[in-house]
Amino acid sequence: MKQRVSVLLKAQFERDVVLEKPKDRSFGHYATPIAFSLAKELRKSPMVIADELASSFGNHAMFSAVEATKGYINFRLSEAFMDEYATWALENETLFGHAEREGRILLEFVSANPTGPLHIGHARGAVYGDTLLRLGRRLGYDITAEYYVNDAGNQIDLLGLSLQLEGQHSVLNMEVEWPEKYYRGEYMTILAEEALSAFGSDILTNPDRQKELALWAKDKVMELIVSDLGDANIHFDTFVSEASLYDDWDRVMKKLGDGVFDSEGKLWLRSTEYGDEKDRVVVREDGRPTYLAGDIVYHNRKFEQGFDHYINIWGADHHGYIARVKAAARFLGYDAEKLEILLSQMVSLLKDGEPYKMSKRAGNVILMSDIVEEIGADALRFIFASKKSDTALEFDVETLKKQDNSNPVYYVNYAHARIMTMLSKSVLETETIMASELKALHADADALLFEALLLPEVIEDAFSSRQVQKLPDYLKSLAARLHKFYYDHRIIGTKDEAKLLKLMLMVALSIRTGLSLMGITAKDRMVADEK
RNA sequence: GCGCCCGUGGCUCAACUGGAUAGAGUAUCGGACUUCGGAUCCGACGGUUAUAGGUUCGAAUCCUAUCGGGCGCACCA
């Protein structure tokens with residue numbers, strides 16, 4: 001909708017036009033401050049320019065009014081235009097918000113180590129990534145969701161060791177000496193028991209079988225992770241194993257060319273050349289590759305697949321890592337601009353205003369699965385998508401359990417359910433409702449219709465700015481308008497029933513579509529939990 | 001010490017990326033049910049946008065400095 005207005009204005013004014021929504025809707029639906037930027041050039045006051053531009057506009061079917069106010073030019077969309085757009089949307093639900101964007105994007109996110117179940121920090125990155133994925137796909141991009149599995153390196157050795165010790169300690173009741181760092185938690189006990197029944201006790205006691213145990217365990221842990229993600233409606237297209245990449249190492253190293261050099265018996269990446277603080281070790285003295293080596297081969301693999309754009313979502317604690325990976329991309333001969341790295345910041349949970357207790361059982365972390373169980377996947381997704389990903393988030397789980405308007409998921413769902421209830425109570429046929437025209441609406445209905453039609457531009461804005469919180473913000477505001485409208489105006493049994501129900505259908509469509517882009521299924525009925 | 005992120009009513013967050021009177025929820029106080037779901041709605045209270053300068057028609061947003069907080073500064077991932 002904004003797109004169409006923008007194109008029209010660009011043609012009319014023969015230049016790019018900034019289009020915004022007036023703070024006060026009584027001014028109109030859209031506005032442009034173009035007169036301010038022309039003022040200097042034309043040596044005239046913005047007021048005069050705005051007046052001239054507005055009056056030169058003439059009549060256009062898309063607008064019912066074009067007016068200049070205090071230097072702004074305000075546009076009011078015509079009812080005919082909005083009715084036509086709404087009718088199209090209702091008849092083409094799956095196309096509503098679609099923008100025919102082209103381009104193949106590789107989106108890598110979560111990529112948590114296969115050494116334990118997902119915690120709450122992973123969950124934020126997961127929700128952020130999956131929401132971006134859904135938004136981008138809606139716009140038409142061809143996006144592959146990828147998970148990089150770090151199944152090589154020290155942490156896998158440590159997984160094998162930890163699991164043996166756990167087995168000796170809690171399954172075989174042996175005395176063990178714990179190292180300084182090891183993996184722990186309920187899942188380790190369960191894995192140890194499983195290992196015992198699958199392979200016998202030797203697997204838990206024989207140091208020579210640690211590696212074998214580790215490789216078995218990381219697959220098990222991955223199953224756990226995939227299941228946790230699935231519970232939140234998050235699914236990946238591809239999983240890339242770090243261990244499987246090293247066969248390619250020699251070839252990729254040659255490709256790095258001058259980007260690497262030998263010193264002190266080690267191989268270094270000359271990352272300072274591209275702004276990194278220091279050069280980084282890629283292969284240690286003993287010949288073992290560092291984590292960076294894997295990431296270089298992995299990113300080479302990404303680029304060789306020829307996507308148009310690459311997005312990585314990393315925990316904010318990895319921000320220092322960005323420079324070296326981008327440097328590697330350039331040494332490999334690729335455009336580092338195509339590699340976009342987004343950060344997802346820390347999460348801290350509260351419960352009744354107090355810090356959420358990390359359970360010993362879980363291994364002193366807050367598990368994603370525990371929170372999903374406590375507040376539900378919908379609430380988790382909604383709240384995690386509600387704040388800019390690159391700033392720290394703090395929220396209280398108790399708020400998300402309430403069933404009133406302090407809980408945004410409830411509030412938005414209730415708006416949808418209200419509409420569904422109205423429709424079921426009306427005697428009108430769908431055809432009658434759809435055949436009615438959205439015209440001669442009062443101001444509240446007009447405002448609600450316009451709000452409902454904004455979803456496509458919210459999707460566009462949220463995806464292109466990578467700020468997914470714009471979607472939940474919009475849904476809360478649309479739901480609020482709906483609730484108020486419902487309170488102020490009766491619909492069933494009035495002479496305007498058909499067209500107002502068509503308006504309701506449009507609002508419901510935007511809510512349902514918006515929620516689905518956050519991986520949440522809109523509710524048709526609200527059922528109170530039994531206490 | 002260096003780098004990245006951040007600082008907006010008591011609390012949790014917005015503000016169309018430089019635009020009109022800085023908006024929601026929560027908390028507190030006060031209202032609205034013979035009507036489609038009151039799981040809702042309305043009103044009041046609450047702000048020098050951390051501080052100080054600067055840039056311009058215009059700044060919460062951009063620049064500089066200071067203060068405060070988080071994260072990082074591995075041959076760990």
Side-chain angles (χ1 to χ4, degrees), chain A residues 2 18-24 27 31-33 36-37 39-40 45-46 69-72 74 111-113 115 150 152-156 158 181 242 264 266-268 277-278 280-286 288-295 315-323 343 345-346 348 350 353 383 386-388 390-396 399 402-408 410-411 413-415 417-426 454 457-458 461 465 467 469-470 472-473 476-477 480 482-494 497 500-501 504 525-528:
Chain A
K2 185 178 184 177
V18 175
L19 208 54
E20 53 196 44
K21 281 172 258 155
K23 285 241 156 54
D24 183 345
F27 285 130
T32 176
F36 292 100
S37 46
K40 203 175 268 181
S45 87
T69 316
K70 283 161 65 179
Y72 285 84
N74 296 307
S111 298
N113 289 341
T115 52
N150 298 126
N154 293 342
Q155 82 275 7
I156 291 300
L158 190 57
K181 201 182 160 195
E242 180 188 1
E264 304 166 32
K266 304 164 220 175
L267 188 69
W268 300 72
E277 291 167 9
K278 46 184 151 181
R280 308 292 174 173
V281 173
V282 179
V283 181
R284 302 174 179 95
E285 248 170 312
D286 60 7
R288 284 158 52 235
T290 62
Y291 178 74
L292 179 59
D295 238 351
D317 52 344
H318 287 61
H319 66 76
Y321 206 77
I322 296 175
L343 300 177
Q345 273 284 1
M346 305 293 129
S348 52
L350 300 175
I383 195 73
S386 293
K387 185 165 178 187
K388 277 196 209 104
D390 61 356
T391 55
L393 168 73
E394 183 176 86
F395 76 94
D396 196 315
T399 305
K402 289 189 194 158
Q403 299 178 13
D404 58 36
N405 70 3
S406 62
N407 180 345
Y410 245 84
Y411 188 72
N413 263 321
Y414 182 36
R418 267 196 147 151
I419 295 173
M420 292 302 121
T421 305
M422 276 186 270
L423 288 165
S424 69
K425 296 213 166 164
S426 171
L454 285 179
E457 46 207 85
V458 172
D461 187 22
S465 65
Q467 300 196 5
Q469 81 279 1
K470 288 168 186 290
D473 278 352
K476 278 187 278 187
S477 133
L482 182 278
H483 285 308
K484 177 156 176 55
F485 187 88
Y486 178 90
Y487 188 84
D488 290 341
H489 305 283
R490 199 171 163 81
I491 294 172
I492 305 290
T494 67
E497 180 171 340
L500 290 178
L501 283 176
M504 290 299 115
R525 278 182 59 227
M526 303 304 284
V527 180

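Order of the sequence lines sets the chain letters (A, B, ...), proteins ahead of strands, with each chain counted from 1.
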Give the nucleotide from the list [options] with an atom nearest to the side chain of [X].
X        : options             : answer
A/Met346 : B/G38, B/C71, B/U35 : B/C71
A/Tyr487 : B/C73, B/U40, B/C4  : B/U40
A/Gln345 : B/C5, B/A20, B/C36  : B/C5
A/Thr391 : B/G38, B/C16, B/C6  : B/C6
A/Pro22  : B/C36, B/A20, B/C73 : B/A20
A/Gln469 : B/A15, B/C41, B/A77 : B/A15

Both distances under 3.5 Å, Watson-Crick or G-U wobble: report the partner of [N], or none.
N     : value
B/G7  : B/C67
B/G1  : B/C73
B/U12 : B/A24

(message) Ring centres within less than 5.5 Å and planes less than 30° apart: is that true of A/Tyr72 and B/A20 in this structure?
(response) yes
(request) Please step through side-chain contact (heavy atoms from CB on, under 4.5 Å) for the pair A/Leu350 and A/Glu394, ending with a clear verdict. (result) CA-CA 7 Å; A/Leu350 300 175; A/Glu394 183 176 86; 3.9 Å; yes
(request) Check the angle between the aromatic planes of A/Tyr291 and A/Tyr321 and answer parallel, tilted or perpendicular using the 30° and 60° thresholds. (result) tilted
(message) I want to check one thing: is the phosphate of B/A15, taken as OP1 and OP2, less than 4.0 Å away from some side-chain N or O of A/Lys470?
(response) yes
(request) Would you please confirm or rule out a distance under 4.0 Å between OP1 or OP2 of B/A15 and any side-chain N or O of A/Lys388? (result) yes
(request) Classify the side chain of A/Asn154 versus the base of B/A74 as yes if they form a donor-acceptor pair under 3.5 Å and no if they do not. (result) no
(message) Looking at A/His319 and B/G3, is any side-chain donor or acceptor paired with a base atom of the opposite kind under 3.5 Å?
(response) yes
(message) Please compare A/Asn113 and A/Thr32 by the position of their nearest nucleotide in RNA chain B and report the one closer to 5'.
(response) A/Thr32
(message) Need to verify one output field. Residue with the more 5' nearest nucleotide on RNA chain B, A/Glu285 or A/Pro33?
(response) A/Pro33
(message) Using the ring pair (Phe, Tyr, Trp, His ring centres under 6.0 Å) criterion, which residues pair with A/His318? Sequence neighbours excluded.
(response) none
(request) Decide, for B/U17, between syn and anti: a glycosidic angle within 90° of 0 counts as syn, anything else as anti. (result) syn
